[in-house]
Amino acid sequence: MSGMVLEFSGCAVGKDISGIAKLDAKKTFPPGVYFLLLEGCNENKFDGVSHPTSPVFRDFLFSMKGAPELVDAMTDEIKASCKGLLGFNFHKVGELVYGKYADIWRPMGVDLVLNKLIVNLGMPAFREFMWLEFSIDPAYESATQARR
């Protein structure tokens, strides 16, 4: 199950994104794909999985032994080592995700992918969204994923 929706609150273009021509673009994730927003319109305080932004994501994590603790450790490390002046450093997050955590998630049957999308590109009020996708669907390919 998933069906999680990432709302961009602006104009965005990409795979599985609706509302492209309007200022209410959103990405609906297919079954078996979940996300954790790192940056977007609102700051993610990473209060741990006991206070997730989505009950669907929380249920997904608690369905796997050790996953809640792993997300907490990963987000703690992202907060501690990847924060820059204007948010998270995409390159540093990618090094951490692909250099350490993707290999930990893989044996659990989860493909971890870092994504970034610029919303309202070319406008004064543009915003970068960065999120992690957790996919248990081996056929799923994220269109906006960082290339490993």
Side-chain angles (χ1 to χ4, degrees), residues 2 4-17 20 23 25-30 32-148:
S2 180
M4 292 180 72
V5 177
L6 176 54
E7 295 184 10
F8 296 112
S9 301
C11 184
V13 178
K15 180 181 176 186
D16 301 325
I17 295 177
I20 293 171
L23 293 178
K26 58 187 163 203
K27 179 176 176 77
T28 303
F29 292 85
V33 184
Y34 305 82
F35 78 90
L36 174 65
L37 185 65
L38 300 178
E39 283 190 321
C41 289
N42 300 314
E43 178 184 356
N44 188 338
K45 299 195 185 306
F46 297 115
D47 293 327
V49 294
S50 57
H51 302 95
T53 55
S54 167
V56 173
F57 183 62
R58 182 180 188 276
D59 291 348
F60 162 68
L61 291 177
F62 279 95
S63 73
M64 295 180 293
K65 184 178 180 181
E69 297 81 8
L70 183 54
V71 165
D72 283 345
M74 182 172 62
T75 55
D76 285 347
E77 194 166 354
I78 289 171
K79 277 193 310 188
S81 63
C82 302
K83 191 81 170 167
L85 288 174
L86 301 174
F88 290 105
N89 180 302
F90 184 72
H91 181 70
K92 286 183 180 180
V93 174
E95 286 179 344
L96 183 62
V97 166
Y98 297 121
K100 179 176 182 180
Y101 287 101
D103 290 338
I104 297 172
W105 284 97
R106 200 167 289 114
M108 298 169 77
V110 178
D111 188 24
L112 184 62
V113 178
L114 175 64
N115 289 267
K116 177 179 174 180
L117 185 68
I118 298 174
V119 176
N120 296 330
L121 183 63
M123 297 178 178
F126 75 93
R127 182 77 178 136
E128 291 185 356
F129 277 70
M130 188 183 325
W131 68 94
L132 291 169
E133 287 180 1
F134 299 76
S135 174
I136 57 174
D137 178 359
Y140 178 74
E141 290 186 23
S142 178
T144 58
Q145 74 186 30
R147 300 296 170 211
R148 294 169 262 205

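Note that this is a predicted model, so its numbers are computed, not measured.
Smallest separation of non-hydrogen atoms from Lys116 and Phe90: CB-CE1, 3.4 Å. The minimum heavy-atom distance between Glu7 and Phe129, with the atom names listed, is O-CE2, 3.7 Å.
From Met130, atom CE reaches atom CD1 of Ile78 across 9.0 Å, with rounding to the nearest 0.5 Å. Interatomic distance, CG of Asn89 versus CG of Leu96, reported as 11.5 Å (0.5 Å rounding). Atoms CZ and CG, on Phe57 and Leu37 in that order, are 11.0 Å from each other to the nearest 0.5 Å.
Cation-pi contact between Arg58 and Phe62: present, with separation from the ring centre below 6.0 Å and deviation from the ring axis of at most 45°.
Although no hydrogens or angles enter the test, the distance criterion places a donor-acceptor pair under 3.5 Å between the side chain of Ser63 and the main chain of Phe60.
Residues Val113 and Asn115 form a side-chain contact, since some pair of their non-hydrogen atoms from C-beta on lies under 4.5 Å apart. Taking the side chain as every heavy atom from C-beta outward, Lys27 and Glu133 approach each other to under 4.5 Å. Residues Ile104 and Met74 are not in side-chain contact: their nearest non-hydrogen atoms beyond the backbone lie 4.5 Å or more apart. In this structure, Leu38 and Leu114 have side chains that are in contact, with non-hydrogen atoms separated by less than 4.5 Å. Looking at Leu61 and Asp59, their side chains never come closer than 4.5 Å, going by heavy atoms from C-beta outward.
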- When you look at Met4 and Thr28, which way does the side chain to side chain contact (heavy atoms under 4.5 Å, CB included) test go after all the steps? CA-CA 6 Å; Met4 292 180 72; Thr28 303; over 6 Å; no
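Listed by chain and number, the residues in a side-chain contact (heavy atoms from CB on, under 4.5 Å) with Val97 are Val93, Leu112, Leu132 (sequence neighbours excluded). Shown here are the side-chain contact (heavy atoms from CB on, under 4.5 Å) partners of Asp137, two or more places apart in sequence or in another chain: Ser135, Ala139, Tyr140. A search for side chain to side chain donor-acceptor pair (under 3.5 Å) contacts involving Lys92 returns nothing, not counting sequence neighbours. The side-chain contact (heavy atoms from CB on, under 4.5 Å) test applied to Glu95 returns His91, not counting sequence neighbours.
Between Trp105 and Phe134, the ring-plane angle classifies as perpendicular under the 30° and 60° cut-offs.
Aromatic rings from Phe29 and Phe35 are positioned such that their centres are separated by under 6.0 Å.
Ion pair Lys100/Glu77 flagged as a salt bridge, since at least one NZ, NE, NH1 or NH2 atom sits closer than 4.0 Å to an Asp/Glu carboxylate oxygen.
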